[in-house]
Amino acid sequence: MKRLYIDIDGVLLTKEGAPAPHLVEFLAYATENFDCYWLTTHCKGDAGPAIQHLSQTVPSEAMPFLEKIKPTNWTTLKTEALDFSQDFLWLDDYVLEFEKGILKKQGALDSLISIDLDSSPNQLLEFVEESKKSSEE
C-alpha cells in the first residue's frame, strides 16, 4: 500500500484554522486506501499532539480517521521522516527549497503534491477523485 504523508496546517485546516472543504471524505478515503503518516510540526514521534490540535476544530466524524494516521519523527527537515524505499505521496502547503532538492535528488519530486486551499478550495476532493481514477487504470 502506498504511503501518504499528510501535513495539517494549510492542508487539513485552512490558513484561518477552519477544516478544509471535504475533509471527512478525504480522510475516509485516505485512511482506507493509503498507509497514512503525519508529516507536520504538530507530530514529532507522537500522534497525540496532532490529533489534539485537530480535535478542537474538525467535525467529530473525522476523529476515527485521524486516529488511524501514524506518527513520524524528524528534527530539522520533514524529508528526514520520508521513507524513500517506499512508494509515497506527500501533501503539504509549504515545502522548503532544500527539501525539494532532497526530493529531486532521490527521484521523488513527483511524489510531492502542493496544496493551496486558497486558490483551490476543493483540492482534497480532487485528490480523492484523481486517486480513484488512477487506481481504476
Side-chain angles (χ1 to χ4, degrees):
M1 185 178 285
K2 185 183 276 193
R3 288 186 175 201
L4 180 64
Y5 294 97
I6 306 169
D7 185 27
I8 293 178
D9 299 311
V11 176
L12 300 185
L13 299 177
T14 64
K15 288 186 171 92
E16 294 76 32
H22 313 287
L23 175 68
V24 175
E25 183 179 353
F26 165 77
L27 289 170
Y29 179 81
T31 56
E32 178 68 28
N33 293 280
F34 292 90
D35 186 16
C36 295
Y37 291 84
W38 293 118
L39 193 50
T40 171
T41 56
H42 300 286
C43 177
K44 300 249 180 127
D46 176 10
I51 294 168
Q52 175 64 31
H53 177 66
L54 287 163
S55 71
Q56 300 167 26
T57 54
V58 301
S60 59
E61 57 267 29
M63 294 308 294
F65 304 116
L66 298 177
E67 292 166 1
K68 293 180 179 181
I69 303 174
K70 301 170 188 148
T72 57
N73 201 5
W74 53 282
T75 306
T76 307
L77 301 171
K78 288 183 178 180
T79 49
E80 295 167 22
L82 298 174
D83 181 350
F84 289 102
S85 72
Q86 303 284 323
D87 196 14
F88 71 89
L89 295 173
W90 174 16
L91 304 180
D92 207 311
D93 67 315
Y94 180 76
V95 175
L96 300 171
E97 286 303 316
F98 194 77
E99 291 171 317
K100 288 180 185 175
I102 292 168
L103 290 172
K104 190 173 184 178
K105 202 177 289 184
Q106 294 287 336
L109 190 56
D110 289 345
S111 297
L112 175 63
I113 299 173
S114 294
I115 302 294
D116 183 351
L117 295 173
D118 288 338
S119 67
S120 185
N122 296 318
Q123 204 166 0
L124 294 181
L125 180 62
E126 293 164 9
F127 172 83
V128 169
E129 291 169 351
E130 288 298 315
S131 294
K132 286 179 179 177
K133 264 191 228 170
S134 62
S135 67
E136 291 170 2
E137 294 174 355

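None of the values given here were measured: they were computed from a predicted structure.
The number of heavy atoms from other shown groups lying within 6.0 Å of NZ (K105) does not exceed 12. In the displayed structure, Q56 atom CD is contacted under 6.0 Å by more than 12 heavy atoms of other residues, nucleotides or ligands.
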Using residues 60-68 as the side-chain source, report each donor-acceptor pair under 3.5 Å to any protein atom, sequence neighbours left out, with the distance given to one decimal.
none

Evaluation steps, side chain to side chain contact (heavy atoms under 4.5 Å, CB included), between I6 and C36: CA-CA 7 Å; I6 306 169; C36 295; 4.3 Å; yes
Trace of the side chain to side chain contact (heavy atoms under 4.5 Å, CB included) decision for L77 with E80: CA-CA 6 Å; L77 301 171; E80 295 167 22; 3.9 Å; yes
Trace of the side chain to side chain contact (heavy atoms under 4.5 Å, CB included) decision for L91 with D7: CA-CA 6 Å; L91 304 180; D7 185 27; 6.0 Å; no
Verdict with supporting geometry, L103 and F84, side chain to side chain contact (heavy atoms under 4.5 Å, CB included): CA-CA 9 Å; L103 290 172; F84 289 102; 3.8 Å; yes
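For K44 and W74, the positive end sits near the middle of the six-membered ring, less than 6.0 Å away and at most 45° from its axis.
Panel note: side chain T14, backbone A20; no donor-acceptor pair is recorded below 3.5 Å. When atom types are taken as modelled, the side chain of E99 and the backbone of K78 share a donor-acceptor pair closer than 3.5 angstrom.
Taking the six-membered ring where the residue is Trp, F34 and Y29 present perpendicular rings, their angle passing 60° and hence far from 30°.
Among residues at least two apart or in separate chains, side-chain hydrogen bond (donor to acceptor under 3.5 Å, both in side chains) pairs with a member in residues 119-128 are H22-N122, D116-S119, S120-E126.
Closest approach of W38 and T72 over heavy atoms only: O-OG1, 2.5 Å. When all heavy atoms are compared, the tightest approach of P21 to P121 is CG-O, 3.3 Å. Heavy atoms only, all atoms of each residue included: V58 and P19 are closest at CA-CG, 4.0 Å. For L117 against L13, the heavy-atom pair with the smallest separation is CD1-O, 4.0 Å.
At a threshold of 4.5 Å between side-chain heavy atoms, the hydrophobic network of Ile, Leu, Val, Met, Phe, Trp and Tyr places L54 and F127 in one connected group. Transitive grouping of hydrophobic side chains (ILVMFWY, heavy atoms separated by less than 4.5 Å) keeps Y37 and M1 in distinct clusters. Cluster annotation: V95 and I8 are assigned to distinct hydrophobic clusters (Ile/Leu/Val/Met/Phe/Trp/Tyr, side-chain heavy-atom contacts under 4.5 Å, transitive).
Between the CG atom in D9 and the CG atom in D93 there is a gap of 7.5 Å [rounded to 0.5 Å]. The line from CD1 of I69 to CG of L39 is 11.5 Å long, rounded to the nearest 0.5 Å. Rounded to the nearest 0.5 Å, atoms CG (L125) and CG (L23) are 12.0 Å apart. Note that CG of L112 and OG1 of T79 are 11.0 Å apart. Values are rounded to the nearest 0.5 Å. Rounding to the nearest 0.5 angstrom, the gap separating the CD1 atom in I51 from the SG atom in C43 is 8.5 Å. Atom CD1 of I113 and atom CG of L89 lie 4.5 Å apart (nearest 0.5 Å).
Comment: D118 engages K15 in a salt bridge, judged by a side-chain N to carboxylate O separation of less than 4.0 angstrom. The pair E129-K132 does not count as a salt bridge, with every side-chain nitrogen at least 4.0 angstrom from each carboxylate oxygen.
The closest side-chain heavy-atom distance from W90 to S111 is not below 4.5 Å.
When D35, D46, D83 are each tested for a salt bridge (charged side-chain N to carboxylate O under 4.0 Å, His left out) with K70, only one passes: D35.
Here Y94 pairs with L96 under the side chain to side chain contact (heavy atoms under 4.5 Å, CB included) rule; sequence neighbours left out.
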